[in-house]
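Down below is the structure, laid out as structure tokens.
Counting starts at 1 for both ligands and their atoms, in listed order. Being a predicted model, the structure only gives us computed values, none of them experimental.
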Amino acid sequence: MYCSQMIWFDTHAHIQDEDFREDFPEVLSRAASAGVTRVVMAASNEEDSRAACRLAVHHPMLYAAVGVHPHDAKTWGAGTAARLSDLVQTANRDALHAGRDRCVVACGEIGLDFHYDFSPREAQRDVFRKQLELAHALDLPVIIHMREATELSLSILREAHADGLFAREHPAGVIHCYSGSAETVPALLALGFMIGFDGPITFRKARKPIEALRVVPADRLVLETDAPYLTPHPHRGKRNEPSYIPLIGEKAAEILGESAEIIAARTTANALRLFRIGLSRELQNGNALNESKTV
Ligand SMILES: [Zn+2]
């Protein structure tokens, strides 16, 4: 169904979750068949960060993020930052031994969630700042989760920016599953963030994310599934997975009046820049695809 030369990148999925244990190899092969060449697994807590790293070490198309989600902020302890740092170093070393590039590419997902308030707001705020410092120490971009906490998230990010916690020569990170208003987008762009869009842009009643999508510059847009959540149309109600990224990309293309090819190429290039992944192998893969087509 999809042109084999279209290359997609799912910048946010939780395929290290229990939900994917039964058919993990099939999930990866369906993603590959759909043209998804890279998936970044976002982590929710320490154990989840370890699970993501374990998978990423052995699967060249997978990358891991490490971090503690605002829901789990209450699990943060005195040794958490040191253990996450060790995990990053060990996983990257193991990845090199396994013959691949470094596999931990971000710190996340981190931020504030005042919709569910699963952790006390004070703890969320404290753990968010601590992880912005951790990401700086590890020289990693951040994956930001912000839900019903735009004002405070923005002020924490502005403070981090003023304190020099974001790399100047690279994107600061990504605002994951952007659900804020179009008016807030410029402030996030000014801090160096890319903006991630997911299944909700395909929903029939979507309005806010579509308005926001329209104001994101071409070089700041990335696509994510957030699998197993937020399944795009027409699979709503079923488990989400990375092979559905083209559905989100095609919808984004329609909204922006572009071709799916352009959106695939653009969002993949943005994701590679965001996570500082070298382009050389991507080009080799592209050539291999071209060659296999002509044989
Ligand atoms: Zn997520």
If only side-chain N and O atoms count, and only distance matters, is there a donor-acceptor pair under 3.5 Å linking [Y] with [X]?
{"X": "His69", "Y": "Asn45", "value": "no"}
{"X": "Tyr229", "Y": "Asp198", "value": "no"}
{"X": "Thr225", "Y": "Asp10", "value": "yes"}

Charged tip of Arg38 within 45° of Phe275 ring normal and under 6.0 Å: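 No, Arg38 does not sit over the ring of Phe275.
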
Thr231 backbone acceptor or donor facing Glu241 side chain under 3.5 Å: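 Not a single qualifying donor-acceptor pair exists.
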
Contacts of the Zn ion (ligand 1) with protein N/O/S atoms, counting only those under 2.8 Å: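 Within the sphere that stays under 2.8 Å of the Zn ion (ligand 1), the protein atoms of type N, O or S are His12 NE2, His14 NE2, Glu109 OE2, Asp226 OD1.
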
His12-Phe197 aromatic ring centre distance below 6.0 Å: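 No.
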
